[in-house]
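When a residue number appears, it is its place in the shown sequence, counting from 1. Small disclaimer: the values here were computed from a predicted structure and weren't measured.
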Amino acid sequence: MEFSKLSEGKTKEVYDYDSSHVLLRFKDSITAGDGAKKDELPTKGILNAQTSALLFRLLESKGIETHYVGMFDERTMIAKKLKMIPVEVVLRNIATGSIVKRLPIKEGEVFEPPIIEFFLKDDERHDPMLNYYHMEHLKLMNRKEAQQIEEIMMKVNDILYPFFKSKRLILYDFKLEFGRLSDKLIVGDEITLDSMRIREEGTGRILDKDLYRKGADLETVRKAYEEFFKRISE
């Protein structure tokens, strides 16, 4: 059975499934630097699809509405058809990545409460940071919607942080995307090591895409993705 492709990004393909649902097929591609660096990482698509499914089910069980419906096959998710908002929302528990380059903040600083940032999905402009005024002017979302998303991000963090801690993993930060379903804002896209920073508790060992960004060989990166999924599945 063939399905019509609606769109294709760096790491996923989206297909029309029926009037209310799409198929998200996770590719083996791994990228960094807004796609400037790209490789194929065997089994990554399967691991990311399974990771997303597990974490979406966890969020759903705690009352967070997501677009997740079920699995079509091992690398393809069935999801509700949303009108996606082209904004990446990042919650930071511990400082690392771009925030230590942009602001006088040191690597490893703990944010209490966590910091939430909005970024426009725009590779050409390197995903510029947004505030409420930008988002209202660009008609991306109004202030009330942005604040609602911030509340959801905090609730998601309250679920994911202790869950990972129970697996001896520390959630430094994570990114979510949101879509609209009638008048509701719903968590969409994915939750994978492409969109989180995870460190091993005690050792600080990196278990996420930062390994690839920092130049680790592909087999080391693949093993990290595999180990992460094994830990959260236990």
Side-chain angles (χ1 to χ4, degrees), residues 1-89 119-124 127 139-141 145 149 152 156 160 174-196 208-209 212 218 221-222 225-226 228-230 232-233:
M1 189 174 181
E2 289 197 12
F3 300 97
S4 172
K5 186 187 287 189
L6 299 174
S7 64
E8 182 171 359
K10 295 190 287 287
T11 59
K12 290 189 299 299
E13 297 167 335
V14 183
Y15 293 87
D16 194 31
Y17 187 52
D18 62 31
S19 60
S20 303
H21 301 93
V22 293
L23 296 176
L24 270 63
R25 183 179 182 278
F26 289 74
K27 304 193 293 187
D28 287 339
S29 304
I30 186 166
T31 69
D34 296 323
K37 182 181 181 184
K38 181 178 179 180
D39 285 288
E40 291 298 304
L41 192 65
T43 74
K44 173 180 175 280
I46 295 170
L47 289 166
N48 273 4
Q50 298 298 322
T51 295
S52 268
L54 187 156
L55 295 176
F56 278 137
R57 287 196 296 267
L58 173 65
L59 294 184
E60 290 274 356
S61 74
K62 303 291 186 180
I64 303 292
E65 191 169 359
T66 78
H67 71 161
Y68 176 78
V69 174
M71 297 304 289
F72 182 80
D73 61 33
E74 63 181 359
R75 68 165 68 235
T76 308
M77 180 187 299
I78 305 168
K80 296 168 191 169
K81 197 174 279 186
L82 306 180
K83 186 176 181 184
M84 295 302 293
I85 302 167
V87 172
E88 296 179 341
V89 191
F119 298 89
L120 181 67
K121 281 175 65 74
D122 187 330
D123 285 350
E124 284 187 16
D127 299 340
K139 295 181 170 56
L140 298 168
M141 66 181 83
E145 288 175 318
I149 282 174
I152 296 170
V156 169
L160 293 183
F174 65 92
K175 169 182 74 71
L176 291 180
E177 294 182 27
F178 289 79
R180 293 186 177 89
L181 184 61
S182 61
D183 61 344
K184 287 190 290 188
L185 288 165
I186 293 176
V187 177
D189 196 48
E190 66 179 74
I191 313 179
T192 68
L193 286 181
D194 289 2
S195 57
M196 294 185 287
D208 59 66
K209 198 170 83 166
Y212 179 69
L218 291 177
V221 179
R222 189 191 65 77
Y225 276 62
E226 208 168 55
F228 173 76
F229 180 66
K230 184 179 178 183
I232 66 171
S233 301

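For the pair Lys10 and Asp123, the salt-bridge criterion is met [side-chain N within less than 4.0 Å of a carboxylate O]. A salt bridge is absent between Asp16 and Lys5: the closest approach of a Lys/Arg side-chain nitrogen to an acidic carboxylate oxygen does not fall below 4.0 angstrom. We find that Asp189 and Lys12 are joined by a salt bridge, their nearest charged nitrogen and carboxylate oxygen being less than 4.0 Å apart. Salt-bridge check for Glu40 with Lys27: failed, with every basic side-chain N at 4.0 Å or more from each acidic carboxylate O. By the 4.0 Å N-to-carboxylate-O rule, Glu177 lies close enough to Lys175 to be salt-bridged with it.
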* To do: Output, in order, the C-alpha distance, side-chain angles, deciding distance and verdict of side-chain hydrogen bond (donor to acceptor under 3.5 Å, both in side chains) for Glu190 and Ser52.
  => CA-CA 6 Å; Glu190 66 179 74; Ser52 268; 5.4 Å; no
* Passes side-chain hydrogen bond (donor to acceptor under 3.5 Å, both in side chains), Arg57 versus Tyr68? Steps please. -> CA-CA 8 Å; Arg57 287 196 296 267; Tyr68 176 78; 3.0 Å; yes
* To do: Could you go through the side chain to side chain contact (heavy atoms under 4.5 Å, CB included) check for Ile78 and Tyr17 one step at a time?
  => CA-CA 8 Å; Ile78 305 168; Tyr17 187 52; 4.0 Å; yes
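The structure places CD1 of Ile64 at 13.0 Å from CG of Leu55, a figure rounded to the nearest 0.5 Å. Atoms CD1 and CE, from Ile191 and Met196 in turn, are 7.5 Å apart once rounded to the nearest 0.5 Å. To the nearest 0.5 Å, atoms CG (Asp194) and OG1 (Thr11) are separated by 5.5 Å. In this structure, the separation between CD1 on Ile46 and CG on Asn48 is 10.5 Å, given to the nearest 0.5 Å. Separating the NZ atom in Lys81 from the OG atom in Ser19 is a distance of 6.5 Å, to the nearest 0.5 Å. Separating the CZ atom in Arg222 from the CD atom in Glu226 is a distance of 4.5 Å, to the nearest 0.5 Å.
For Tyr212 and Tyr225, the ring centers are positioned 6.0 Å apart or more.
Distance alone, capped at 3.5 Å, places no donor-acceptor pair between the Arg75 side chain and the Arg25 backbone. Of the possible donor and acceptor atoms, one in the side chain of Thr51 sits under 3.5 Å from a partner among the backbone N and O of Leu47. In terms of modelled atom types and a separation under 3.5 Å, the side chain of Lys44 and the main chain of Ser29 share a donor-acceptor contact.
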